Amino acid sequence: MKVGVLALQGAFIEHVNSLKKLGVEPILIKNIDDLKDLEGLILPGGESTAIGKLLIDLGLLIPIETLIANGLPTYGTCAGMILLAKHLSNDHRKHLATMDITVKRNAYGRQNDSFSTEENFKGIDSKVNMVFIRAPYIESVGPNVEILARVDSNIVAAREKNMLVTSFHPELTSDLKVHKYFLDIIKGAR
Ligand code: GLN
């Protein structure tokens, strides 16, 4: 299975390690040639403004946007979720803007900007370990978006067709359930 991990900035090695534990040897995406024949793509956490700028500078923004619009299974964690959002409520920027969600950056404020918890996730039969680091959450979703998880009342995971997003970082835990869920989306798209 040919799964790419965008490797410009942020926590991409941790995603590589999670995929390897599930028997997938991923491809690091650093330039346009790396996108060839991809069956799935992970957009990691990090700093969305930095990743967004690098996507433009490296000529990757439009090619990746086109692949996602054409159905490439794509999973965005944290900053990756910000990259996929069509609307950011507290930032004038937009990046790939393919998913019909409104996201608030750094939504947990200072006191509680990093924390972990365990919560239910629709489609996964045991609780998922969720680590949040200066995390965004989803304020509202469009009609075709399925909400998969909430912490308190805030939406922290969702799916729209081929796009999966989480506010939290499963790649920073030993919990492989969300990665497995994403690999199942890829298998379903084959
Ligand atoms: N705060 C970061 C942003 O706005 C996201 C943090 C993360 O990916 N852990 O881009």
Side-chain angles (χ1 to χ4, degrees), residues 3-19 26 28-30 40-58 60-61 64-65 68 73-119 121 128-141 145 147-152 154-160 163-179 181-182:
V3 182
V5 179
L6 187 67
L8 305 180
Q9 192 268 340
F12 54 87
I13 291 300
E14 290 80 355
H15 277 292
V16 168
N17 293 337
S18 297
L19 290 171
L28 293 179
I29 307 293
K30 292 172 186 277
L41 175 63
I42 292 184
L43 306 172
E47 199 51 44
S48 56
T49 29
I51 302 174
K53 185 172 182 313
L54 287 165
L55 284 175
I56 295 172
D57 293 350
L58 296 166
L60 284 168
L61 187 83
I64 291 179
E65 186 192 324
I68 296 171
T74 302
Y75 171 28
T77 49
C78 202
M81 170 163 114
I82 295 168
L83 294 175
L84 287 172
K86 274 195 183 157
H87 315 281
L88 301 177
S89 62
N90 56 349
D91 194 327
H92 63 277
R93 275 169 282 246
K94 279 184 195 179
H95 304 282
L96 294 159
T98 47
M99 184 164 176
D100 195 7
I101 51 176
T102 300
V103 168
K104 183 174 182 186
R105 293 183 64 198
N106 303 322
Y108 287 95
R110 273 203 197 147
Q111 295 87 336
N112 202 17
D113 63 0
S114 299
F115 63 99
S116 73
T117 186
E118 288 209 328
E119 267 306 334
F121 190 111
V128 169
N129 188 355
M130 303 181 177
V131 170
F132 295 82
I133 302 170
R134 299 187 61 232
Y137 59 63
I138 301 173
E139 289 187 327
S140 61
V141 302
V145 178
I147 295 169
L148 299 174
R150 291 181 190 259
V151 168
D152 302 324
N154 301 318
I155 305 166
V156 298
R159 176 173 175 185
E160 181 181 6
M163 293 168 281
L164 171 70
V165 290
T166 62
S167 299
F168 56 88
H169 292 268
E171 78 286 6
L172 299 182
T173 74
S174 55
D175 189 335
L176 298 170
K177 293 190 284 276
V178 178
H179 286 86
Y181 180 94
F182 178 56

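Starting from 1, each residue takes its place in the sequence as its number. Everything numeric here is computed off the predicted structure, so don't read it as measured data. Counting convention: from 1, in listed order, for ligands and their atoms alike.
The one candidate from Leu96, Val165, Ile64 that meets the side-chain contact (heavy atoms from CB on, under 4.5 Å) condition with Leu83 is Leu96.
Looking at Ala135, Gly45, Ala50, Gly46 and measuring to atom 5 (C) of ligand 1, the nearest heavy atom belongs to Gly46.
Taking distance alone, with nitrogen or oxygen atoms compared against 3.5 Å, His169 approaches ligand 1 more closely than that limit. Between Ile133 and ligand 1, at least one pair of N/O atoms sits closer than 3.5 Å. Of the polar atoms of Arg134, at least one N or O is found under 3.5 Å from an N or O of ligand 1, judged by distance alone. No N or O atom of Cys78 sits closer than 3.5 Å to an N or O atom of ligand 1. Looking at Ile82 next to ligand 1, no N or O pair under 3.5 Å apart turns up.
The shortest heavy-atom contact between Ile42 and Pro44 is O-CD, 3.8 Å.
The residues Arg134 and Glu47 are annotated as salt-bridged, a charged nitrogen and a carboxylate oxygen being separated by less than 4.0 angstrom. Under 4.0 Å is where a charged nitrogen must lie from a carboxylate oxygen, and between Asp100 and Lys86 no such pair does.
Atom 1 (N) of ligand 1 has as its closest protein heavy atom Asn106 OD1, 2.6 Å.
Ring orientation note: the planes of Phe115 and Phe132 are close to parallel, at an angle under 30° on the 30°/60° scale.
The six-membered or imidazole ring of Tyr108 lies near that of Tyr137, with a centre-to-centre distance under 6.0 Å.
Of all atoms in ligand 1, listed by their number and element, those nearer than 4.0 Å to a heavy atom of Ser48 are 3 (C), 4 (O), 10 (O).
More than 12 heavy atoms of other shown residues, nucleotides or ligands fall within 6.0 angstrom of atom NZ in Lys177.
Residue Arg105 touches ligand 1 through its side chain alone, judged by heavy-atom distances below 4.0 Å.
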